[in-house]
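Reviewing the structure listed below.
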Amino acid sequence: MAKEPARVLVTGAAGQIGYALVPMIARGIMLGPDQPVILHMLDIPPAAEALNGVKMELIDAAFPLLKGIVATTDPVEACSGVNIAVMVGGFPRKEGMERKDVMSKNVSIYKSQASALEQHAAPNCKVLVVANPANTNALILKEFAPSIPEKNITCLTRLDHNRALGQISERLQVPVSDVKNVIIWGNHSSSQYPDVYHASVVTGAGEKAVRQLVADDAWLDGEFITTVQQRGAAIIKARKLSSALSAASSACDHIRDWVLGTPKGTWVSMGVYSDGSYDVPPGIIYSYPVTCENGSWSIVQGLPINEFSRKKLDATANELVEEKALAYSCLI
């Protein structure tokens, strides 16, 4: 029996990340090679013509899994019946703008899109927020879509997770697929903490700890962390454009693992609603190590946290608590 098509929403679909992401979804990279999809693409009215161009290209690519396309500037039409929502659209910070100005614009965007999802998405819709500030945009969305279960609202830190895997792979000259269980803790910002204390590499002689193989704590506790934290800025400097390809690819990874499950013995990083695990304040969206099974994620519990890591976990949590206060002040 052929599967029913899944309806997947991409907001900001005419933008750079959207343009990289929609063909990946249509090709089955996000939900698997046997899952038909209907793509819902939303963008703002000034981008309507570009959005139509993206729709034309999707038609021209003749993707076998793509069973329909909705391309619209109307949030209600875009959100109707969607099973998965990838929220890429947001207001970018421009030169000279204060953080509060950016936050205020994103709060109003996410408030209105949350209402449209709340009223029109399919029951049990899964939401991934990509647009920055991703953690806090996801929190605002949760606030204004109270009927969507809190476990169904997440933000993207898989890009940072994949960047950390890539750095270890390059350093050790091993395939990236052999590196596993890095962790991104906290905020998708430069305060995030890429942690390799629990990471390992599959070798011919069995699994070995990353720290043992790298044998350079100064690099792991210094340059490695800052490289992952600042990677987005480095790509903008090199490309004169943001990291659209890797963001789109990691959004597919995030949803695929969430829906289809993480491989046994492996965890991934996801920004999820904190329940207080690892002494992180509850009530913020915080990146944790998670495993996924049967369409649901669970925070990996019981990992030892040393003093170095504790400080990093607390610093990024404090930033998120401040961001939350700033966002809520924009609602008044």
Side-chain angles (χ1 to χ4, degrees), residues 20 24 27-30 32-33 156-186 188 190 192-239 242-271 287-293 297-300 302-306 308-309 312-313 316:
M24 293 182 187
R27 205 175 271 288
I29 291 169
M30 180 180 277
L156 186 72
T157 54
R158 182 60 175 269
L159 176 54
D160 310 299
H161 181 98
N162 287 351
R163 285 167 170 165
L165 293 175
Q167 288 302 304
I168 298 299
S169 155
E170 291 280 289
R171 178 78 177 197
L172 293 174
Q173 293 296 294
V174 297
V176 73
S177 53
D178 289 348
V179 187
K180 64 182 217 180
N181 295 352
V182 299
I183 302 168
I184 303 297
W185 297 98
H188 175 62
S190 58
Q192 64 174 262
Y193 171 41
D195 174 4
V196 294
Y197 276 101
H198 312 283
S200 60
V201 178
V202 178
T203 72
E207 281 191 26
K208 295 273 191 332
V210 162
R211 283 197 170 262
Q212 179 192 342
L213 292 174
V214 171
D216 185 345
D217 283 352
W219 182 78
L220 286 170
D221 294 344
E223 190 186 330
F224 163 74
I225 291 174
T226 52
T227 298
V228 175
Q229 288 172 335
Q230 304 291 339
R231 186 68 161 185
I235 288 167
I236 289 172
K237 191 172 176 214
R239 228 172 70 84
S242 68
S243 43
L245 182 158
S246 51
S249 179
S250 57
C252 287
D253 291 345
H254 175 114
I255 297 284
R256 186 189 63 242
D257 286 344
W258 189 4
V259 172
L260 302 177
T262 44
K264 199 163 177 52
T266 304
W267 62 65
V268 294
S269 302
M270 281 171 65
S287 182
Y288 282 104
V290 303
T291 54
C292 305
E293 196 175 0
W297 55 264
S298 305
I299 295 170
V300 175
L303 297 172
I305 304 293
N306 63 18
F308 177 83
S309 295
K312 300 277 190 194
L313 265 71
T316 190

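The structure displayed is predicted, hence computed values, not measured ones. Scope of the values below: all heavy atoms of this structure, side chains included, with no hydrogens, waters or symmetry mates.
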I need the minimum non-hydrogen distance between [X] and [Y], along with the two atoms involved.
| X | Y | value |
| --- | --- | --- |
| Cys252 | Met24 | SG-CB, 3.7 Å |
| Ser169 | Pro175 | OG-C, 4.0 Å |
| Ser243 | Ser246 | CB-OG, 3.5 Å |
| Leu303 | Pro289 | CD1-CG, 4.0 Å |
| Ala251 | Met30 | O-CE, 4.1 Å |

Compare all side-chain heavy atoms of [X] with those of [Y] and state whether any distance is below 4.5 angstrom.
| X | Y | result |
| --- | --- | --- |
| Val179 | Leu172 | no |
| Val228 | Ile225 | no |
| Val290 | Cys292 | yes |
| Phe224 | Val214 | no |
| His161 | Val182 | yes |
| Ile235 | Arg163 | yes |
| Tyr193 | Leu313 | yes |

Point to revise | Asp178 side, atom CG; Leu165 side, atom CG - distance, nearest 0.5 Å | key: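 Asp178 CG to Leu165 CG: 11.0 Å, rounded to 0.5 Å.
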Exercise for review: Output the distance between atom CG (Leu159) and atom OG (Ser269), rounded to the nearest 0.5 Å.
Suggested key: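 One gets 11.0 Å once the value is rounded to the nearest 0.5 Å.
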Side-chain ([X]) to main-chain ([Y]) donor-acceptor, under 3.5 angstrom:
| X | Y | value |
| --- | --- | --- |
| Thr266 | Thr262 | no |
| Asp160 | Ile184 | no |
| Gln229 | Gln192 | yes |
| Thr157 | Ser287 | no |
| Thr203 | Gly206 | yes |

With sequence neighbours excluded, tell me which residues meet side-chain hydrogen bond (donor to acceptor under 3.5 Å, both in side chains) with [X].
| X | result |
| --- | --- |
| Ser200 | Glu207 |
| Lys312 | none |
| Trp185 | Asp195 |
| Asp257 | Arg158 |

Practice item. Show your working on side-chain hydrogen bond (donor to acceptor under 3.5 Å, both in side chains) between Ser309 and Tyr197 and close with a plain yes or no. Key: CA-CA 9 Å; Ser309 295; Tyr197 276 101; 5.4 Å; no
Sequence neighbours excluded, which residues qualify as side-chain contact (heavy atoms from CB on, under 4.5 Å) partners of [X]?
| X | result |
| --- | --- |
| Pro304 | His198 |
| Gln212 | Lys208, Ala209 |
| Ile236 | Ser242 |
| Gln230 | Ser190, Ala233 |

Practice item. Quick one: which residue pairs count as a salt bridge (charged side-chain N to carboxylate O under 4.0 Å, His left out) with a foot in residues 227-236, not counting sequence neighbours? Key: none
Practice item. List the steps, then state whether side chain to side chain contact (heavy atoms under 4.5 Å, CB included) holds for Leu220 with Ile168. Key: CA-CA 9 Å; Leu220 286 170; Ile168 298 299; 3.9 Å; yes
Review point. Who pairs with His254 by ring pair (Phe, Tyr, Trp, His ring centres under 6.0 Å), at least two apart in sequence or on another chain?
Key: Trp258
Point to revise | side chain to side chain contact (heavy atoms under 4.5 Å, CB included) between Met270 and Trp297, intermediate numbers included | key: CA-CA 9 Å; Met270 281 171 65; Trp297 55 264; 3.8 Å; yes
Review point. Applying side-chain hydrogen bond (donor to acceptor under 3.5 Å, both in side chains), which residue pairs with at least one partner in residues 216-226 are found, sequence neighbours left out?
Key: Arg171-Asp216, Arg211-Asp217, Arg211-Asp221
Check your understanding: CZ of Arg27: more than 12 outside heavy atoms within 6.0 angstrom?
Key ->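 At most 12 heavy atoms, drawn from other residues, nucleotides or ligands, come within 6.0 Å of this atom.
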